Amino acid sequence: MNTTTHSNQGLIATADIGDRKRGQTVSVENVTKVYQTASGPLRAIEETSFKIEPGEFVSVLGPSGCGKTTFLMVISGLIPCTTGRVKIGDQVIDKPYTDLGFVFQRDVLMDWRTVLSNVMLPVEIKKLKPIEKYQERAHELLKMAGLSGFEKSLPCELSGGMRQRVSICRALVSDPPILLMDEPFGALDALTREQMNDDLLKIWSKSRSMVLFITHNISEAVYLSDRIIVMSQRPGRILEILDLSDLPRPRNIATKELPAFNKHINRIRHIFVNQGILSGGEEDQKFILQD
Ligand SMILES: Nc1ncnc2c1ncn2[C@@H]1O[C@H](COP(=O)(O)OP(=O)(O)O)[C@@H](O)[C@H]1O
Ligand SMILES: [Mg+2]
């Protein structure tokens, strides 16, 4: 459902009533990416194909440098792929696709703008109307993200977690059917990160955007996702796609105690041990998933 109605419950509440089939399928078809560098061609992504359905929460999990950010850039049309193609619905992506939200690893808030006007930035850039509708949505998102009362604050007055929450609100203010998130919580401490995961799921459960979430944190990927695309080291290729539909939603602290939760974590660890990405032992405990 495209959320265009404007009930007195507000836009997010309206989206909540809708089914999960907002937006269109993203198809990655035989995509490769080779960067031309000063020292010659650098193969970032091996030939890769997958589909993500509307409303799905899919994580891409892989070691540092395996091409995760490259994937997001290709899917959003910010950079071209070398071979293959990306389609969103029937549209072949050959230029930046604007009907999506993007959250980067480090928040890129404008320091001189208030929280509310940072969130409203995409509305201004895209000249979306009526402005009041989007202002109401911005307030709702900020409330849901626990930022009520901070609308007039400047980014420098907020903690790292709060700033990243503002970034998520900004990415969602135009109600895009697709949300791309590039290691959005990578710079946060572990406790804040756990809280952000729950906040993200709460916001997502209302907006039902498709989320493509990049991470190198195994338990974060399992906790959040419907499916996980597990990537190899560079040049990135898909090692396995895990289906997490045996983890019920809504997810909460009890989810982490389910046998299925640990089964998925162990499965992924084994994949990485087999690839030499994790050592799997006490000696030489190499963990190069972390930056
Ligand atoms: N613009 C670029 N030019 C040349 N090489 C790049 C560029 N962007 C990324 N790379 C290289 O491509 C590989 C994949 O990078 P990236 O997609 O950022 O990986 P990840 O996000 O998984 O850490 C890395 O080896 C990186 O150095
Ligand atoms: Mg990256």
Side-chain angles (χ1 to χ4, degrees), residues 26 28-50 52 57-86 93-97 100-109 160 163-164 167-168 171 178-190 193 196-197 200 210-222 224-225 227-242 268-269 271-278 286-291:
V26 171
V28 172
E29 301 176 358
N30 309 109
V31 163
T32 67
K33 178 67 188 177
V34 180
Y35 288 109
Q36 298 305 329
T37 70
S39 50
L42 185 144
R43 208 168 174 76
I45 301 178
E46 285 292 8
E47 191 168 307
T48 298
S49 302
F50 59 84
I52 308 175
F57 197 123
V58 174
S59 289
V60 176
L61 176 68
S64 198
C66 77
K68 302 183 296 297
T69 297
T70 302
F71 253 130
L72 282 197
M73 304 288 268
V74 167
I75 287 171
S76 61
L78 288 171
I79 61 171
C81 47
T82 307
T83 62
R85 64 179 185 178
V86 172
I93 302 306
D94 54 7
K95 57 178 186 297
Y97 187 80
L100 52 77
F102 213 129
V103 182
F104 299 93
Q105 178 159 6
R106 291 189 187 275
D107 66 83
V108 276
L109 301 178
R163 292 168 64 105
Q164 204 53 309
S167 304
I168 295 171
I178 301 174
L179 182 60
L180 304 180
M181 306 186 82
D182 191 1
E183 306 204 36
F185 309 141
L188 304 178
D189 66 85
R193 188 170 188 152
M196 291 297 294
N197 285 340
L200 173 61
M210 169 196 293
V211 179
L212 186 54
F213 186 91
I214 302 293
T215 182
H216 54 226
N217 185 303
I218 299 174
S219 60
E220 178 174 82
V222 173
L224 294 174
S225 313
R227 288 189 298 145
I228 300 177
I229 299 173
V230 184
M231 305 275 299
S232 71
Q233 279 174 287
R234 186 174 67 79
R237 64 191 162 82
I238 296 178
L239 295 170
E240 194 162 318
I241 299 183
L242 272 82
I268 296 167
R269 285 209 180 110
I271 296 171
F272 287 142
V273 168
N274 286 339
Q275 292 289 312
I277 294 168
L278 283 174
K286 150 174 95 143
F287 189 58
I288 62 172
L289 285 178
Q290 302 286 356
D291 273 321

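Computed from a prediction, not measured in an experiment: that's the story for all the values here. In each ligand, atom 1 is the first atom listed, and ligand 1 is the first ligand listed.
Side chain of Lys68 to backbone of Pro63: a donor-acceptor contact under 3.5 angstrom is found. Under the 3.5 Å distance criterion, the side-chain polar atoms of Thr215 are matched with a main-chain donor or acceptor of Asn217. Under the 3.5 Å distance criterion, the side-chain polar atoms of Ser76 are matched with a main-chain donor or acceptor of Met73. Checked by atom type and distance alone, the side chain of Gln164 pairs as donor or acceptor with a backbone atom of Phe104 at under 3.5 Å.
Contact check for Ile218 versus Phe272: side-chain heavy atoms found under the 4.5 Å cut-off. You'll find the side chain of Ile271 reaches within 4.5 Å of the side chain of Leu242, heavy atoms only. At least one side-chain heavy atom of Leu200 sits less than 4.5 Å from a side-chain heavy atom of Phe57.
Atom CZ of Arg43 sits in a crowded spot, with more than 12 heavy atoms from other residues, nucleotides or ligands closer than 6.0 Å.
Residue contact check for ligand 1: Gly62 places no non-hydrogen atom closer than 4.0 Å to it.
Contacts between Thr69 and ligand 1 below 4.0 angstrom, taking non-hydrogen atoms only, involve backbone and side chain alike. Within the 4.0 Å heavy-atom criterion, the part of Leu42 lying near ligand 1 is the side chain and not the backbone. Residue contacts with ligand 1, taken as heavy atom pairs separated by less than 4.0 Å, involve Arg234 solely via side-chain atoms from C-beta onward.
Residue Ala44 has no N or O atom closer than 3.5 Å to an N or O atom of ligand 1. In terms of polar-atom proximity, Gly65 is counted as a contact of ligand 1, with an N or O under 3.5 Å from an N or O of the ligand. In terms of polar-atom proximity, Lys68 is counted as a contact of ligand 1, with an N or O under 3.5 Å from an N or O of the ligand.
Partners of Asn197 according to the side-chain hydrogen bond (donor to acceptor under 3.5 Å, both in side chains) rule, which considers only residues two or more places apart in sequence or in another chain, do not exist here.
No side-chain donor-acceptor contact under 3.5 Å links Thr32 and Thr82.
Evaluated by nearest non-hydrogen atom to atom 16 (P) of ligand 1, the leading choice among Val74, Ile79, Thr70 is Thr70.
Take a cut-off of 2.8 Å around the Mg ion (ligand 2): the protein N, O or S atoms inside it are Thr69 OG1.
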